[in-house]
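Each residue takes its place number in the sequence, starting with 1. Side chains are part of it too, since the values below use all heavy atoms of this structure and drop only hydrogens, waters and symmetry mates.
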Amino acid sequence: MIKLTVKPVFVSIILGLSLFLAVVLLSPYTTFLSLSPSAGESDIWSVRRLVEWRPCKWWLHGHLTPFPAKSNGYICVDCYGGLNQMRRDFCDGVGVARLLNATLVLPKFEVAAYWNESSDFADIFDVDYFIQHMDGFVKVVKELPPEISSKEPFHVDCSKRKGQFDYVESVLPALLEHKYISLTPAMSQRRDRYPRFAKAALCQACYSALRLTRSLQKKAAELLEAIPKPFLSLHLRFEPDMVAYSQCEYQGLSPTSMQVIEAARGDRKPWTGEVAHIWRRRGKCPLTPNETALILQALSIPTNTNIYLAAGDGLMEIEGLTSVYTNVVTKSALRTGEDFTRMHGNTKAALDYYVSINSDSYMATYFGNMDKMVAAMRAFKGLYKTLFLSRKAFAEFTYQGLEGKELMQALWKVHRDDFLMGRGSALPACFCEFEL
(Lines give C-alpha, C1' and ligand atoms only; values in the text may rest on other atoms or scores of the structure.)
Protein backbone atom coordinates (compact mmCIF):
# COMPACT_ATOMS: atom_id res chain seq x y z
CA MET A 1 0.00 0.00 0.00
CA ILE A 2 1.28 3.39 -0.91
CA LYS A 3 0.57 6.05 1.67
CA LEU A 4 0.28 9.62 0.49
CA THR A 5 0.97 12.48 2.86
CA VAL A 6 0.08 16.07 2.20
CA LYS A 7 1.84 18.77 4.13
CA PRO A 8 -0.31 21.43 5.77
CA VAL A 9 1.17 24.17 3.56
CA PHE A 10 -0.09 22.41 0.42
CA VAL A 11 -3.48 21.90 2.02
CA SER A 12 -3.63 25.63 2.67
CA ILE A 13 -2.68 26.44 -0.91
CA ILE A 14 -5.26 24.03 -2.33
CA LEU A 15 -7.97 25.36 -0.04
CA GLY A 16 -7.03 28.92 -0.89
CA LEU A 17 -7.17 28.26 -4.64
CA SER A 18 -10.47 26.45 -4.27
CA LEU A 19 -11.94 29.33 -2.33
CA PHE A 20 -10.70 31.83 -4.91
CA LEU A 21 -12.20 29.84 -7.79
CA ALA A 22 -15.48 29.50 -5.94
CA VAL A 23 -15.61 33.26 -5.36
CA VAL A 24 -14.76 34.00 -9.00
CA LEU A 25 -17.26 31.51 -10.40
CA LEU A 26 -20.12 32.09 -7.99
CA SER A 27 -19.79 35.74 -7.01
CA PRO A 28 -22.21 38.12 -8.71
CA TYR A 29 -19.32 40.43 -9.43
CA THR A 30 -17.82 38.05 -11.99
CA THR A 31 -20.59 39.04 -14.35
CA PHE A 32 -19.49 42.66 -14.03
CA LEU A 33 -16.18 42.05 -15.80
CA SER A 34 -17.36 42.79 -19.33
CA LEU A 35 -18.06 46.41 -20.15
CA SER A 36 -20.62 45.79 -22.88
CA PRO A 37 -23.40 43.27 -23.57
CA SER A 38 -21.95 39.77 -23.72
CA ALA A 39 -23.27 36.70 -25.51
CA GLY A 40 -26.90 36.16 -24.63
CA GLU A 41 -27.34 39.75 -23.40
CA SER A 42 -29.16 41.50 -26.22
CA ASP A 43 -30.25 44.39 -23.99
CA ILE A 44 -30.36 45.36 -20.31
CA TRP A 45 -33.44 43.20 -19.69
CA SER A 46 -31.66 40.02 -20.80
CA VAL A 47 -29.17 40.33 -17.93
CA ARG A 48 -29.79 37.65 -15.31
CA ARG A 49 -30.89 39.19 -12.01
CA LEU A 50 -29.09 38.11 -8.84
CA VAL A 51 -31.33 39.74 -6.24
CA GLU A 52 -35.03 40.47 -6.32
CA TRP A 53 -37.46 41.91 -3.83
CA ARG A 54 -40.58 39.78 -3.87
CA PRO A 55 -43.91 40.30 -2.15
CA CYS A 56 -43.87 37.69 0.60
CA LYS A 57 -47.23 39.15 1.79
CA TRP A 58 -46.35 38.27 5.35
CA TRP A 59 -49.08 40.63 6.61
CA LEU A 60 -51.78 38.43 5.04
CA HIS A 61 -50.65 35.29 6.85
CA GLY A 62 -51.40 34.41 10.44
CA HIS A 63 -53.66 36.23 12.87
CA LEU A 64 -53.94 40.00 12.98
CA THR A 65 -53.33 41.66 16.33
CA PRO A 66 -56.78 42.59 17.67
CA PHE A 67 -57.61 46.24 18.28
CA PRO A 68 -57.65 47.49 21.86
CA ALA A 69 -61.16 47.92 23.23
CA LYS A 70 -61.11 51.71 22.91
CA SER A 71 -59.61 53.98 20.25
CA ASN A 72 -57.27 56.74 21.41
CA GLY A 73 -58.84 59.26 19.05
CA TYR A 74 -59.06 60.24 15.39
CA ILE A 75 -56.26 60.95 12.91
CA CYS A 76 -56.64 62.69 9.57
CA VAL A 77 -53.55 62.57 7.38
CA ASP A 78 -52.57 65.83 5.69
CA CYS A 79 -51.77 65.12 2.05
CA TYR A 80 -49.91 67.70 -0.04
CA GLY A 81 -48.15 67.81 -3.39
CA GLY A 82 -48.64 65.52 -6.35
CA LEU A 83 -50.68 62.32 -6.35
CA ASN A 84 -47.85 59.94 -5.52
CA GLN A 85 -46.51 62.11 -2.73
CA MET A 86 -50.00 62.19 -1.23
CA ARG A 87 -50.34 58.44 -1.71
CA ARG A 88 -47.01 57.90 0.10
CA ASP A 89 -47.98 60.18 2.99
CA PHE A 90 -51.39 58.55 3.30
CA CYS A 91 -49.90 55.04 3.43
CA ASP A 92 -47.48 56.19 6.12
CA GLY A 93 -50.37 57.79 7.98
CA VAL A 94 -52.27 54.50 7.95
CA GLY A 95 -49.32 52.84 9.67
CA VAL A 96 -49.13 55.65 12.23
CA ALA A 97 -52.85 55.46 12.97
CA ARG A 98 -52.56 51.74 13.74
CA LEU A 99 -49.40 52.32 15.75
CA LEU A 100 -51.18 54.86 17.96
CA ASN A 101 -54.44 52.87 18.13
CA ALA A 102 -56.29 55.69 16.39
CA THR A 103 -59.29 55.70 14.08
CA LEU A 104 -58.34 56.86 10.60
CA VAL A 105 -60.42 59.58 8.95
CA LEU A 106 -60.31 59.58 5.15
CA PRO A 107 -58.10 62.47 4.03
CA LYS A 108 -58.90 65.62 2.11
CA PHE A 109 -56.46 66.03 -0.75
CA GLU A 110 -54.93 69.47 -1.10
CA VAL A 111 -56.61 71.76 -3.62
CA ALA A 112 -53.52 73.11 -5.35
CA ALA A 113 -53.37 75.68 -8.11
CA TYR A 114 -49.72 74.78 -8.59
CA TRP A 115 -50.65 71.23 -9.64
CA ASN A 116 -53.72 72.43 -11.58
CA GLU A 117 -55.66 70.22 -9.22
CA SER A 118 -59.06 70.10 -7.54
CA SER A 119 -59.75 66.35 -7.22
CA ASP A 120 -60.20 64.78 -3.79
CA PHE A 121 -59.39 61.35 -2.35
CA ALA A 122 -62.76 59.94 -3.40
CA ASP A 123 -62.24 61.22 -6.96
CA ILE A 124 -59.11 59.05 -7.28
CA PHE A 125 -59.57 56.03 -5.03
CA ASP A 126 -62.44 53.64 -4.42
CA VAL A 127 -63.42 54.55 -0.86
CA ASP A 128 -65.66 51.56 -0.12
CA TYR A 129 -63.05 49.15 -1.48
CA PHE A 130 -60.40 50.74 0.73
CA ILE A 131 -62.50 50.52 3.89
CA GLN A 132 -63.47 46.92 3.15
CA HIS A 133 -59.87 45.79 2.59
CA MET A 134 -58.54 47.62 5.65
CA ASP A 135 -60.97 45.79 7.92
CA GLY A 136 -58.96 44.18 10.71
CA PHE A 137 -55.88 46.29 9.95
CA VAL A 138 -57.02 49.74 11.06
CA LYS A 139 -60.34 51.39 11.94
CA VAL A 140 -61.51 53.73 9.16
CA VAL A 141 -64.41 56.18 9.04
CA LYS A 142 -65.67 58.39 6.22
CA GLU A 143 -66.98 61.06 8.56
CA LEU A 144 -66.31 62.14 12.12
CA PRO A 145 -68.97 61.65 14.82
CA PRO A 146 -71.00 64.80 15.63
CA GLU A 147 -69.23 65.47 18.95
CA ILE A 148 -65.87 65.61 17.13
CA SER A 149 -66.79 67.08 13.73
CA SER A 150 -67.44 70.55 15.17
CA LYS A 151 -63.85 70.79 16.39
CA GLU A 152 -60.80 71.86 14.45
CA PRO A 153 -58.09 69.17 14.56
CA PHE A 154 -54.91 69.83 16.47
CA HIS A 155 -52.19 69.92 13.82
CA VAL A 156 -49.02 67.87 14.30
CA ASP A 157 -46.37 68.43 11.60
CA CYS A 158 -43.72 65.71 11.63
CA SER A 159 -42.49 66.30 8.07
CA LYS A 160 -39.12 67.71 9.15
CA ARG A 161 -38.43 65.21 11.92
CA LYS A 162 -35.46 62.93 11.29
CA GLY A 163 -33.30 60.33 12.96
CA GLN A 164 -34.68 58.50 15.99
CA PHE A 165 -38.10 60.12 15.72
CA ASP A 166 -40.77 58.19 17.62
CA TYR A 167 -44.51 58.72 17.02
CA VAL A 168 -45.50 57.09 20.31
CA GLU A 169 -43.35 59.51 22.31
CA SER A 170 -43.97 62.61 20.20
CA VAL A 171 -47.52 62.33 18.81
CA LEU A 172 -49.50 60.03 21.10
CA PRO A 173 -49.68 62.61 23.96
CA ALA A 174 -51.29 65.15 21.57
CA LEU A 175 -53.76 62.51 20.34
CA LEU A 176 -54.75 61.55 23.90
CA GLU A 177 -55.21 65.20 24.86
CA HIS A 178 -57.09 66.51 21.81
CA LYS A 179 -58.76 63.28 20.56
CA TYR A 180 -58.61 64.59 16.99
CA ILE A 181 -55.39 65.50 15.21
CA SER A 182 -54.30 66.17 11.66
CA LEU A 183 -50.92 64.66 10.93
CA THR A 184 -48.20 65.38 8.39
CA PRO A 185 -46.03 62.22 8.48
CA ALA A 186 -42.25 62.37 8.81
CA MET A 187 -40.46 62.25 5.46
CA SER A 188 -37.64 60.01 6.70
CA GLN A 189 -39.29 57.88 9.33
CA ARG A 190 -37.89 54.55 10.50
CA ARG A 191 -40.54 52.02 9.50
CA ASP A 192 -38.30 49.21 10.74
CA ARG A 193 -39.08 50.39 14.28
CA TYR A 194 -42.81 49.79 13.83
CA PRO A 195 -44.36 46.75 15.51
CA ARG A 196 -45.60 44.17 13.01
CA PHE A 197 -49.25 45.14 13.35
CA ALA A 198 -48.46 48.74 12.28
CA LYS A 199 -46.30 47.56 9.39
CA ALA A 200 -49.10 45.23 8.33
CA ALA A 201 -51.55 48.14 8.13
CA LEU A 202 -49.11 50.20 6.04
CA CYS A 203 -48.39 47.33 3.64
CA GLN A 204 -52.06 46.44 3.23
CA ALA A 205 -52.93 50.06 2.45
CA CYS A 206 -50.12 50.50 -0.07
CA TYR A 207 -50.41 47.27 -2.00
CA SER A 208 -53.88 45.82 -1.53
CA ALA A 209 -56.45 48.39 -0.45
CA LEU A 210 -55.84 51.46 -2.63
CA ARG A 211 -57.62 50.95 -5.94
CA LEU A 212 -58.64 53.58 -8.48
CA THR A 213 -62.32 54.43 -8.76
CA ARG A 214 -64.19 52.34 -11.32
CA SER A 215 -64.54 55.23 -13.77
CA LEU A 216 -60.87 56.21 -13.52
CA GLN A 217 -59.70 52.62 -13.78
CA LYS A 218 -61.85 52.22 -16.91
CA LYS A 219 -60.16 55.25 -18.49
CA ALA A 220 -56.73 53.94 -17.50
CA ALA A 221 -57.48 50.48 -18.93
CA GLU A 222 -58.61 52.06 -22.21
CA LEU A 223 -55.38 54.05 -22.37
CA LEU A 224 -53.33 50.92 -21.69
CA GLU A 225 -55.18 49.07 -24.44
CA ALA A 226 -54.42 51.85 -26.95
CA ILE A 227 -50.63 51.70 -26.46
CA PRO A 228 -48.77 49.56 -29.03
CA LYS A 229 -47.34 46.41 -27.42
CA PRO A 230 -44.88 45.51 -26.09
CA PHE A 231 -43.85 48.85 -24.66
CA LEU A 232 -41.53 50.64 -22.27
CA SER A 233 -43.06 53.19 -19.89
CA LEU A 234 -40.56 56.01 -19.48
CA HIS A 235 -41.01 58.51 -16.66
CA LEU A 236 -39.11 61.50 -18.00
CA ARG A 237 -38.73 64.58 -15.80
CA PHE A 238 -37.58 67.68 -17.63
CA GLU A 239 -40.26 70.26 -16.95
CA PRO A 240 -39.47 73.95 -16.24
CA ASP A 241 -40.31 73.73 -12.52
CA MET A 242 -38.22 70.57 -12.15
CA VAL A 243 -35.18 72.18 -13.75
CA ALA A 244 -35.68 75.41 -11.81
CA TYR A 245 -35.96 73.55 -8.51
CA SER A 246 -32.75 71.60 -9.23
CA GLN A 247 -30.75 74.85 -9.53
CA CYS A 248 -28.85 73.34 -12.46
CA GLU A 249 -27.59 75.18 -15.51
CA TYR A 250 -27.83 73.63 -18.98
CA GLN A 251 -26.04 74.44 -22.22
CA GLY A 252 -27.52 74.09 -25.69
CA LEU A 253 -31.22 74.35 -24.80
CA SER A 254 -33.59 76.17 -27.11
CA PRO A 255 -34.38 79.84 -26.40
CA THR A 256 -37.97 78.84 -25.60
CA SER A 257 -36.83 76.33 -22.97
CA MET A 258 -34.40 78.81 -21.43
CA GLN A 259 -37.15 81.41 -21.22
CA VAL A 260 -39.65 79.19 -19.40
CA ILE A 261 -36.94 77.91 -17.04
CA GLU A 262 -35.97 81.45 -16.11
CA ALA A 263 -39.61 82.31 -15.51
CA ALA A 264 -39.92 79.31 -13.16
CA ARG A 265 -36.74 80.01 -11.20
CA GLY A 266 -37.92 82.99 -9.18
CA ASP A 267 -35.39 83.53 -6.39
CA ARG A 268 -33.89 80.06 -6.84
CA LYS A 269 -30.83 80.92 -8.93
CA PRO A 270 -28.66 78.20 -10.54
CA TRP A 271 -25.37 77.19 -8.99
CA THR A 272 -22.24 78.43 -10.72
CA GLY A 273 -18.53 77.61 -10.81
CA GLU A 274 -17.14 74.70 -8.84
CA VAL A 275 -20.32 74.39 -6.76
CA ALA A 276 -22.26 73.71 -9.97
CA HIS A 277 -19.83 70.91 -10.92
CA ILE A 278 -20.10 69.32 -7.45
CA TRP A 279 -23.89 69.60 -7.50
CA ARG A 280 -24.15 67.93 -10.90
CA ARG A 281 -21.72 65.14 -9.97
CA ARG A 282 -23.88 64.39 -6.93
CA GLY A 283 -26.69 63.50 -9.35
CA LYS A 284 -28.87 66.52 -8.60
CA CYS A 285 -29.51 67.57 -12.21
CA PRO A 286 -32.43 66.08 -14.19
CA LEU A 287 -31.48 64.21 -17.35
CA THR A 288 -32.43 65.95 -20.58
CA PRO A 289 -34.38 63.98 -23.21
CA ASN A 290 -31.20 63.90 -25.31
CA GLU A 291 -29.15 62.47 -22.43
CA THR A 292 -31.93 59.97 -21.76
CA ALA A 293 -31.85 58.77 -25.37
CA LEU A 294 -28.08 58.30 -25.11
CA ILE A 295 -28.41 56.15 -21.99
CA LEU A 296 -31.17 54.06 -23.57
CA GLN A 297 -28.86 53.39 -26.53
CA ALA A 298 -26.04 52.46 -24.13
CA LEU A 299 -28.41 49.89 -22.59
CA SER A 300 -29.08 48.45 -26.08
CA ILE A 301 -32.74 49.47 -26.06
CA PRO A 302 -33.70 49.30 -29.78
CA THR A 303 -34.58 52.63 -31.33
CA ASN A 304 -37.85 51.19 -32.67
CA THR A 305 -39.06 50.36 -29.14
CA ASN A 306 -42.61 51.45 -28.35
CA ILE A 307 -42.26 54.04 -25.58
CA TYR A 308 -45.10 55.45 -23.50
CA LEU A 309 -44.05 58.82 -22.11
CA ALA A 310 -45.29 59.00 -18.52
CA ALA A 311 -44.79 62.70 -17.98
CA GLY A 312 -46.62 65.82 -16.94
CA ASP A 313 -47.46 68.81 -19.05
CA GLY A 314 -44.72 71.16 -20.23
CA LEU A 315 -41.99 68.63 -20.96
CA MET A 316 -39.12 70.44 -22.70
CA GLU A 317 -36.65 69.44 -25.41
CA ILE A 318 -38.60 66.28 -26.22
CA GLU A 319 -37.12 66.24 -29.72
CA GLY A 320 -33.87 65.06 -28.17
CA LEU A 321 -35.62 61.75 -27.44
CA THR A 322 -38.05 61.46 -30.35
CA SER A 323 -35.37 62.13 -32.97
CA VAL A 324 -33.70 58.87 -31.86
CA TYR A 325 -36.66 56.83 -30.56
CA THR A 326 -39.40 57.39 -33.11
CA ASN A 327 -42.20 55.27 -31.59
CA VAL A 328 -42.99 57.53 -28.63
CA VAL A 329 -46.63 57.98 -27.59
CA THR A 330 -48.27 60.15 -24.95
CA LYS A 331 -51.64 60.01 -23.20
CA SER A 332 -52.67 63.31 -24.79
CA ALA A 333 -52.05 61.86 -28.26
CA LEU A 334 -53.92 58.63 -27.54
CA ARG A 335 -56.88 60.06 -25.61
CA THR A 336 -58.20 63.27 -27.08
CA GLY A 337 -61.87 63.18 -26.06
CA GLU A 338 -63.59 65.87 -24.05
CA ASP A 339 -63.65 63.62 -20.99
CA PHE A 340 -59.84 63.41 -21.05
CA THR A 341 -59.29 67.13 -21.61
CA ARG A 342 -61.28 67.88 -18.44
CA MET A 343 -58.88 65.78 -16.33
CA HIS A 344 -56.41 67.55 -14.06
CA GLY A 345 -53.05 66.79 -12.47
CA ASN A 346 -53.92 63.97 -10.06
CA THR A 347 -56.29 62.12 -12.36
CA LYS A 348 -53.76 62.32 -15.21
CA ALA A 349 -51.02 61.15 -12.83
CA ALA A 350 -53.26 58.22 -11.91
CA LEU A 351 -53.36 57.22 -15.59
CA ASP A 352 -49.55 57.30 -15.79
CA TYR A 353 -49.31 55.24 -12.61
CA TYR A 354 -51.75 52.59 -13.87
CA VAL A 355 -50.03 52.30 -17.25
CA SER A 356 -46.57 52.15 -15.65
CA ILE A 357 -47.38 49.37 -13.17
CA ASN A 358 -48.78 47.31 -16.07
CA SER A 359 -46.15 48.08 -18.71
CA ASP A 360 -43.77 45.47 -20.13
CA SER A 361 -40.85 47.47 -18.75
CA TYR A 362 -40.36 50.69 -16.81
CA MET A 363 -37.55 53.23 -16.65
CA ALA A 364 -37.33 56.52 -14.81
CA THR A 365 -34.91 59.41 -15.08
CA TYR A 366 -35.60 60.41 -11.50
CA PHE A 367 -36.11 58.54 -8.22
CA GLY A 368 -39.16 60.45 -7.07
CA ASN A 369 -42.37 59.48 -5.32
CA MET A 370 -44.03 58.07 -8.43
CA ASP A 371 -40.96 56.02 -9.30
CA LYS A 372 -40.73 54.51 -5.83
CA MET A 373 -44.42 53.64 -5.78
CA VAL A 374 -44.40 52.24 -9.33
CA ALA A 375 -41.26 50.15 -8.79
CA ALA A 376 -42.62 48.64 -5.59
CA MET A 377 -46.01 47.85 -7.11
CA ARG A 378 -44.35 46.29 -10.16
CA ALA A 379 -42.32 44.07 -7.85
CA PHE A 380 -45.54 43.24 -5.97
CA LYS A 381 -47.07 42.15 -9.30
CA GLY A 382 -43.97 40.13 -10.24
CA LEU A 383 -42.79 42.56 -12.95
CA TYR A 384 -39.04 43.03 -12.65
CA LYS A 385 -38.08 44.93 -15.80
CA THR A 386 -37.64 48.12 -13.83
CA LEU A 387 -34.64 50.43 -13.85
CA PHE A 388 -33.70 53.92 -12.69
CA LEU A 389 -31.36 55.81 -14.98
CA SER A 390 -28.39 57.17 -13.05
CA ARG A 391 -28.00 60.93 -13.22
CA LYS A 392 -25.01 60.70 -10.92
CA ALA A 393 -23.15 58.19 -13.09
CA PHE A 394 -23.87 60.14 -16.27
CA ALA A 395 -22.59 63.36 -14.70
CA GLU A 396 -19.47 61.68 -13.33
CA PHE A 397 -18.56 59.99 -16.61
CA THR A 398 -19.03 63.13 -18.68
CA TYR A 399 -17.08 65.15 -16.08
CA GLN A 400 -14.22 62.67 -16.55
CA GLY A 401 -14.33 63.38 -20.27
CA LEU A 402 -15.70 60.02 -21.38
CA GLU A 403 -17.41 60.05 -24.75
CA GLY A 404 -18.35 57.79 -27.63
CA LYS A 405 -17.89 54.05 -27.11
CA GLU A 406 -16.07 54.52 -23.82
CA LEU A 407 -19.00 56.48 -22.37
CA MET A 408 -21.53 53.93 -23.65
CA GLN A 409 -19.61 51.04 -22.10
CA ALA A 410 -19.34 52.81 -18.74
CA LEU A 411 -23.07 53.57 -18.75
CA TRP A 412 -23.87 49.95 -19.61
CA LYS A 413 -21.78 48.63 -16.74
CA VAL A 414 -23.15 50.88 -14.00
CA HIS A 415 -26.78 50.27 -15.00
CA ARG A 416 -26.24 46.54 -15.37
CA ASP A 417 -24.82 46.43 -11.85
CA ASP A 418 -27.93 48.22 -10.55
CA PHE A 419 -30.28 45.91 -12.43
CA LEU A 420 -28.43 42.78 -11.31
CA MET A 421 -28.77 43.72 -7.66
CA GLY A 422 -32.35 45.00 -7.91
CA ARG A 423 -31.43 48.41 -6.48
CA GLY A 424 -34.36 50.67 -5.72
CA SER A 425 -36.97 48.18 -6.89
CA ALA A 426 -38.99 47.79 -3.68
CA LEU A 427 -39.59 48.95 -0.13
CA PRO A 428 -38.09 46.43 2.32
CA ALA A 429 -40.81 46.96 4.95
CA CYS A 430 -43.31 45.00 2.85
CA PHE A 431 -41.03 42.75 0.78
CA CYS A 432 -38.59 39.89 1.21
CA GLU A 433 -35.19 39.75 -0.46
CA PHE A 434 -34.48 36.70 -2.64
CA GLU A 435 -31.08 35.77 -3.99
CA LEU A 436 -31.51 34.05 -7.36
- Validate the cation-pi geometry between Arg49 and Phe419: distance from NZ or CZ to the six-membered ring centre under 6.0 Å, angle to the ring axis within 45°. yes
- Between the side chain of Asp120 and the main-chain N/O of Ala122, is any donor-acceptor distance below 3.5 Å? no
- Item | Derivation and outcome, ring pair (Phe, Tyr, Trp, His ring centres under 6.0 Å), residues Tyr250 and Phe238 | CA-CA 11 Å; Tyr250 290 84; Phe238 201 69; 5.2 Å; yes
- Side-chain contact test, heavy atoms from C-beta onward, threshold under 4.5 Å: evaluate it for Lys139 versus Phe67 and give yes or no. yes
- Message: Using a 6.0 Å cut-off, check whether atom CD of Glu274 has over 12 heavy atoms from anything other than its own residue.
- Response: yes
- Task: Check Asp360 against Pro230 and note the closest heavy-atom contact, atom names and distance.
- Result: OD2-CA, 3.1 Å
- Query: Do Ser356 and Ser359 get their side chains close enough for a donor-acceptor pair, meaning under 3.5 Å?
  - Reply: no
- Message: Tell me whether Gln400 at atom CD has more than 12 heavy atoms from other residues, nucleotides or ligands lying less than 6.0 Å away.
- Response: yes
- Message: Can you confirm whether His277 sits close enough to Tyr399 that some side-chain heavy atom of one is under 4.5 Å from a side-chain heavy atom of the other?
- Response: yes
- Task: Verify the distance criterion only: is there a donor paired with an acceptor across the side chains of Ser208 and His133 at less than 3.5 Å?
- Result: no
- Query: Closest approach of Phe367 and Arg391, non-hydrogen atoms and distance?
  - Reply: N-NH2, 4.3 Å
- Message: Before you tell me yes or no, could you show the steps for Cys206 and Phe380 under side chain to side chain contact (heavy atoms under 4.5 Å, CB included), namely the whole-Å CA-CA distance, both residues' side-chain angles and the distance that decides it to 0.1 Å?
- Response: CA-CA 10 Å; Cys206 265; Phe380 186 80; over 6 Å; no
- Flag, side chain of Asn72 to backbone of Ala102, donor-acceptor distance under 3.5 Å: no
- Atom pair CG (Asp89) and CE (Met86), whose distance is rounded to the nearest 0.5 Å: 9.0 Å
- Query: How many angstroms lie between atom CG of Asp123 and atom CG of Leu212, to the nearest 0.5 angstrom?
  - Reply: 12.0 Å
- Apply side chain to side chain contact (heavy atoms under 4.5 Å, CB included) to Trp271 and Lys284, showing your working. CA-CA 11 Å; Trp271 298 113; Lys284 299 297 184 178; over 6 Å; no
- Query: Is it the case that Tyr194 and Arg98 place a side-chain donor and acceptor less than 3.5 Å from each other?
  - Reply: no
- Query: Minimum heavy-atom separation for Leu411 to Ala298, with atom names?
  - Reply: CB-CB, 3.8 Å
- Message: I'd like to know if the side chain of Lys229 reaches the main chain of Ile227, judged simply by a donor and an acceptor atom lying under 3.5 Å from each other, with no hydrogens or angles considered.
- Response: yes
- Message: Checking Cys430 against Lys199 for the side chain to side chain contact (heavy atoms under 4.5 Å, CB included) test, could you report, in this order, the C-alpha distance in whole Å, the side-chain angles of both residues, the deciding distance, and whether it holds?
- Response: CA-CA 8 Å; Cys430 305; Lys199 285 184 183 178; over 6 Å; no
- Message: Is the shortest side-chain heavy-atom distance between Asp78 and Leu183 below 4.5 Å?
- Response: no
- Task: Give a yes-or-no answer on whether the side chains of Glu317 and Thr288 include a donor-acceptor pair shorter than 3.5 Å.
- Result: no
- Determine the minimum heavy-atom distance between Trp412 and Ser300, stating which atoms define it. CZ3-OG, 4.5 Å
- Item | Residue pair Leu202 / Val94, side-chain heavy-atom distance below 4.5 Å | no
- Query: Do you see a donor-acceptor pair shorter than 3.5 Å between the side chains of Ser159 and Asp157?
  - Reply: yes
- Answer whether the closest heavy-atom distance between the side chains of Met408 and Leu294 falls below 4.5 Å. yes
- Side-chain heavy atoms of Val171 within contact of Ile181, under 4.5 Å: yes
- Query: So, does Thr398 use its side chain to make a donor-acceptor pair with the main chain of Ala395 at under 3.5 Å?
  - Reply: yes
- Is any side-chain N of the basic residue among Glu249 and Arg265 closer than 4.0 Å to the acidic one's carboxylate O? yes
- Rounded to the nearest 0.5 Å, the CE atom of Met343 sits from the NZ atom of Lys348 at a distance of 8.0 Å
- Query: Looking only at side chains, do Asn358 and Lys381 share a donor and an acceptor under 3.5 Å apart?
  - Reply: yes
- Return yes if a side-chain donor-acceptor contact under 3.5 Å exists between Thr330 and Ser332, otherwise no. yes
- Above 12 or not: heavy atoms from other molecules or residues under 6.0 Å from CZ of Arg268? yes
- Show your reasoning for whether side-chain hydrogen bond (donor to acceptor under 3.5 Å, both in side chains) applies to Asn304 and Tyr325. CA-CA 6 Å; Asn304 63 349; Tyr325 287 86; over 6 Å; no
- From CA spacing to verdict: salt bridge (charged side-chain N to carboxylate O under 4.0 Å, His left out), Asp128, Lys142: CA-CA 9 Å; Asp128 292 331; Lys142 294 181 181 180; 2.8 Å; yes
- When you look at OH of Tyr366, are more than 12 heavy atoms from neighbouring residues, nucleotides or ligands closer to it than 6.0 Å? no
- Message: Under a 3.5 Å cutoff, is there a donor and acceptor pairing between the side chains of Thr386 and Arg378?
- Response: yes
- Side chain to side chain, Thr184 and Tyr80, heavy atoms closer than 4.5 Å: yes
- Distance in Å, Asp418 CG paired with Lys413 NZ, rounded so as to fall on 0.5 Å steps: 10.0 Å
- Any idea which heavy atoms bring Ser46 and Asp43 closest together, and the distance? OG-O, 2.7 Å
- Message: Applying ring pair (Phe, Tyr, Trp, His ring centres under 6.0 Å) to Phe130 and Phe90, what does each step give before you reach the verdict?
- Response: CA-CA 12 Å; Phe130 176 78; Phe90 180 63; 5.4 Å; yes
- What do you reckon, is NZ of Lys269 surrounded by more than 12 foreign heavy atoms closer than 6.0 Å? yes
- Query: Is Glu222 paired with Lys218 through a side-chain N to carboxylate O contact shorter than 4.0 Å?
  - Reply: yes
- Item | Pairwise distance CZ(Phe137) to CG(Leu104) - rounded to 0.5 angstrom | 14.0 Å
- Task: Going by the side chain to side chain contact (heavy atoms under 4.5 Å, CB included) test, name the single residue among Asn327, Ile307, Asn306, Val328 that passes it with Leu232.
- Result: Ile307
- Message: Nearest 0.5 angstrom please: Leu389 CG to His235 NE2, how far?
- Response: 12.0 Å
- Please tell me if the side chains of Ile131 and Val127 come closer than 4.5 Å, counting only heavy atoms from C-beta onward. yes
- Item | Residue pair Leu234, Leu321: steps toward the side chain to side chain contact (heavy atoms under 4.5 Å, CB included) verdict | CA-CA 11 Å; Leu234 176 64; Leu321 174 69; 3.9 Å; yes
- Note on the structure: Between Lys331 and Leu223 the two heavy atoms that sit nearest each other are CB-CD2, 3.9 Å
- Item | Expected output: side-chain Ser170 to main-chain Asp166 donor-acceptor under 3.5 Å | yes
